[in-house]
> 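Starting off with a structure, shown below.
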Amino acid sequence: MGLTKQSTGMDILVNQFEIQRSSNDGKIIALAGNPNVGKSTVFNSLTGLNQHTGNWPGKTVSNAQGKYNYKNTNYILVDIPGTYSLMANSVEEEIARDFICFGNTDSIVIVADATCLERNLNLVLQTLEMTSKVILCVNLLDEAKRKKINIDLNFLTECLNIPVIGTSARSGDGLDSLRNAVCNMTHIQEISAPIKILYEDAIEEAINILEPIIKNQIPDKINSRWITLRLLDGDIKLAESLHKYLHYDISANPAINEKLAEAKAFLANAGIGPDLLRDKLVSRIVLMAEEISNKAVTFEKETYNNMDRKIDGILTSRMFGIPIMIFLLGIILWLTITGANLPSQMLSNLLFWIEDLLTESFRWINAPSWAHGLFVLGMYRTLAWVISVMLPPMAIFFPLFTLLEDLGYLPRVAFNLDNFFKKACTHGKQALTMCMGFGCNAAGIIGCRIIDSPRERLIAIITNNFVPCNGRFPTLIAILTMFFAGTIGTPWQSFLSALLLTGIIVLGIAMTLIVSRLLSMTILKGLPSSFALELPPYRKPQIGRIIVRSVLDRTLFVLGRAICVATPAGLIIWILANIQLENISLLTHCAEFLDPFANLIGLDGYIIMAFILGFPANEIVVPIIIMSYMSSGSMMELDSLNQLRELLISNGWTWLTAVCVMLFSLMHWPCGTTCWTIKKETQSWKWTLASILIPAATGIIICFLVANGAIMLGMV
């Protein structure tokens, strides 16, 4: 298996930006900025609910587009990926640069963080080299005020010679001024020339050699000085983008190639090689950003973030960082599991009450029994089970997870785990996607978009299934309680269950690291990439936005996919359980066929069939086992764990069976929703199949070793 553009989702549709322009009626505004500057808050505040998300064509990096109307003009706001640079060293940088250059935008709004303006000005200056249609939005002025930081917006306007608007997007302050600035920018015919970045004499002379021919030969849709700088810098991706979006093959132009060679020779004679040129270009922009910031920003206190540093001294320390992280994860899991019990039961009662109504309706119309079984006991009951078990935990977990994200804690998790993932030759951001997998593996797969490297993104996708999602927790908790924690007194039962569950989670994390390392040594060889991890300031969470984001963007999105997969699976389950050959159901025939193999890994044929038929959602594995043992023909649930334990023991279960079921539940193929998401994200059936086979093979091997090892040692 090799990395290809198709398999990693890296192939780009030609003319994607022209297609976007022709399909919308309005002014196109690009929204750019560094990560963690409140760009999404600005986007959401301007567009409200009139927005949609998706992927850039051929990319696994998400985009968001929204509309708003101001002074009888429609505006299409495109939220391009957050990036620190436009040097096209990553997928996000390439997308941001190409959209600014070739997206035919009417204006670019760059959102900057008022609390660290100097670093943000680097992106502003890089963008001003490409286009003059720029508006600087200095956001988070409320935080800057709280930290005693003063920003001279008038000086920035005069210095950069572009509109500069101050905002506090969370409270809506300054957004009307921003709308007005965008309106003025998109309606004036001529835009004043912004500040010009001048380099040392040798570089300027090289620019003068090459730029005239560039200006003459290349279509006047892009800044000729900026193209000159990129060609001198040896930017190969720029030539590809010119060919793709402007249909201009710069390598086929002998006049440009001749002048480019002359300019590079001039630089070489001046002692400026390719690497030194890049350093000088970057250093000049950084120095200029520093000079502007020193004049525009004043601090009333010597150090403005002492509190953040003190908190980070604890949360990211070697001694306390990991234990606090595990403790917070335990709290979230405990709140999710215990908090979901009541709403899950209430939702189950409601949905099965509706099932009774459907049954009465089928009887009223004298429908044949097979139709009632197929559509009500099969399709609807499976759907009801998935929704009642899956929705409440997700509705609790995702807001809690988003709360930590909004507080600024999740980057600290990546910082704490970065060293472990580095040893596994993978990316530190995989820690974040792994944490998302605890809520739902499908959401964790979507979260892998934050990883730039295609190789490391694939490793994160393939191994995400090794952390148990909320759909597997009911099975794990029930087995732990029945066969292990239930052997001691009631006061310590919940504590022991939580302790054992924590051990299983730690095992899942360990398997994630081990399999990631093995993949890095085999089919996905490579060294871990470096990345700049910013620890954003701690911020007061916005509860309303957290609920909306977690419910709409995550919970309902994942649930919708689960419903699409579970509905046809319910039909299959009922057919297998009710159609008989030689007075034996098809389900029993399949279980008997799988029994010899299942015994080798400490299970039985019915358990394997339950995992196979539970492909739509892990929540229905135990109900299928109960249905199989009781030959009921439809999924059902027992009244208590004691009844379930007696049923399992009467069908040959031992403590070893329980252990192997838990191990296989932890390390088997992803559910249907996750597989669907993997296909969507990778755009490859090959990697989707690999994501199924690798965890399944791992689970089979581990169960085989445990089962046969216990038998050889005489433990059963």
Side-chain angles (χ1 to χ4, degrees), residues 465-466 468-469 471-484 486 500-501 503-504 507-508 511 569 572-573 576-577 584-632 635-638 641 643-672 692-716:
N465 193 61
F466 286 105
C469 64
R472 283 179 275 176
F473 281 129
T475 301
L476 295 173
I477 293 170
I479 295 175
L480 283 172
T481 303
M482 287 186 295
F483 287 89
F484 302 101
L500 292 173
L501 182 60
I504 292 173
L507 175 61
M511 292 304 303
I572 297 173
I573 293 170
L576 289 175
I584 300 177
S585 68
L586 292 178
L587 178 60
T588 301
H589 279 293
C590 294
E592 290 176 350
F593 174 78
L594 292 172
D595 212 46
F597 166 74
N599 291 335
L600 290 175
I601 58 175
L603 308 176
D604 63 36
Y606 284 119
I607 298 173
I608 294 292
M609 282 302 300
F611 279 108
I612 294 173
L613 295 176
F615 176 72
N618 291 291
E619 291 86 349
I620 61 176
V621 169
V622 171
I624 293 174
I625 292 176
I626 298 171
M627 176 190 73
S628 302
Y629 286 155
M630 299 187 70
S631 302
S632 63
M635 288 191 298
M636 58 185 300
E637 193 172 28
L638 298 178
L641 287 181
Q643 290 183 6
L644 177 56
R645 184 174 185 274
E646 291 175 3
L647 175 65
L648 298 179
I649 291 176
S650 66
N651 281 273
W653 277 50
T654 65
W655 70 267
L656 181 59
T657 311
V659 169
C660 290
V661 169
M662 288 190 295
L663 290 173
F664 198 71
S665 178
L666 182 68
M667 293 176 280
H668 74 295
W669 49 83
C671 70
I692 295 172
L693 294 179
I694 289 173
T698 304
I700 290 171
I701 293 171
I702 296 296
C703 287
F704 176 82
L705 294 176
V706 170
N708 290 276
I711 293 172
M712 289 178 63
L713 294 174
M715 299 175 66
V716 290

> Quick check for you: to the nearest 0.5 Å, what is the distance between L705 atom CG and I601 atom CD1?
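Rounded to the nearest 0.5 Å, the CG-CD1 separation comes out at 11.5 Å.
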> If you define the side chain from C-beta out and look only at heavy atoms, does anything of I573 sit under 4.5 Å from L587?
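When only atoms from C-beta onward are counted, L587 and I573 do not touch, as no gap falls below 4.5 Å.
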> Could you check whether any side-chain heavy atom of F483 comes within less than 4.5 Å of a side-chain heavy atom of V659, counting everything from C-beta outward?
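Result no, sub-4.5 Å side-chain heavy-atom pair not found.
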> Would you say I692 and P670 make side-chain contact, with heavy atoms under 4.5 Å?
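Yes, side chains in contact.
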> What's the spacing between F593 CZ and M609 CE if we round to 0.5 Å?
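Here the rounded value is 11.0 Å.
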> Find out whether L476 and P468 are in side-chain contact, i.e. whether some heavy atom of one side chain is under 4.5 Å from a heavy atom of the other.
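Yes; the side chains approach each other to less than 4.5 Å.
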> Given side chain to side chain contact (heavy atoms under 4.5 Å, CB included), test I612 with W669 step by step and report yes or no.
CA-CA 9 Å; I612 294 173; W669 49 83; 3.9 Å; yes
> Look up atom CG in N708 and atom CG in L600, then write down how far apart they are to the nearest 0.5 Å.
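N708 atom CG to L600 atom CG measures 6.5 Å (nearest 0.5 Å).
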> Do V621 and V661 come within less than 4.5 Å of each other through their side chains, counting heavy atoms only?
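Not touching, per the 4.5 Å side-chain cut-off.
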> Show your reasoning for whether side chain to side chain contact (heavy atoms under 4.5 Å, CB included) applies to I625 and L648.
CA-CA 9 Å; I625 292 176; L648 298 179; 4.1 Å; yes
> Checking side-chain hydrogen bond (donor to acceptor under 3.5 Å, both in side chains) against Y606, which of N651, D595, T588 comes through?
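That would be T588.
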> Can you name the nearest heavy-atom pair linking W655 to A710, along with the distance?
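Taking W655 first and A710 second, the nearest heavy atoms are CH2-CB, 4.4 Å.
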> Looking at N465 and H668, would you say the former's side chain and the latter's main chain have a donor-acceptor pair under 3.5 Å?
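Present.
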> With a 4.5 Å heavy-atom cut-off, do Y629 and L644 have their side chains touching?
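With C-beta onward as the side chain, the pair stays apart.
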> Rounded at 0.5 Å granularity, tell me how far CG in L594 sits from CD1 in I607.
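Taking CG in L594 and CD1 in I607, the distance rounds to 11.5 Å.
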> Give me the atom names and distance for the closest heavy-atom approach of R645 to M482.
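Closest approach of R645 to M482, heavy atoms only: NE-O, 2.9 Å.
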> Minimum heavy-atom separation for A707 and C660, please, with both atom names.
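Looking at all heavy atoms of both residues, the closest pair is CB-SG, 4.0 Å.
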> Using 0.5 Å steps for rounding, measure from the OG1 atom of T657 to the CD1 atom of I649.
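The CD1 atom of I649 is 10.0 Å from OG1 of T657, to the nearest 0.5 Å.
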> Does the side chain to side chain contact (heavy atoms under 4.5 Å, CB included) test come out yes or no for I702 and L666, once each step is laid out?
CA-CA 11 Å; I702 296 296; L666 182 68; over 6 Å; no
> CG/L507 to CE/M662 distance, rounded to the nearest 0.5 angstrom?
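Atom-to-atom, L507:CG and M662:CE are 10.5 Å apart.
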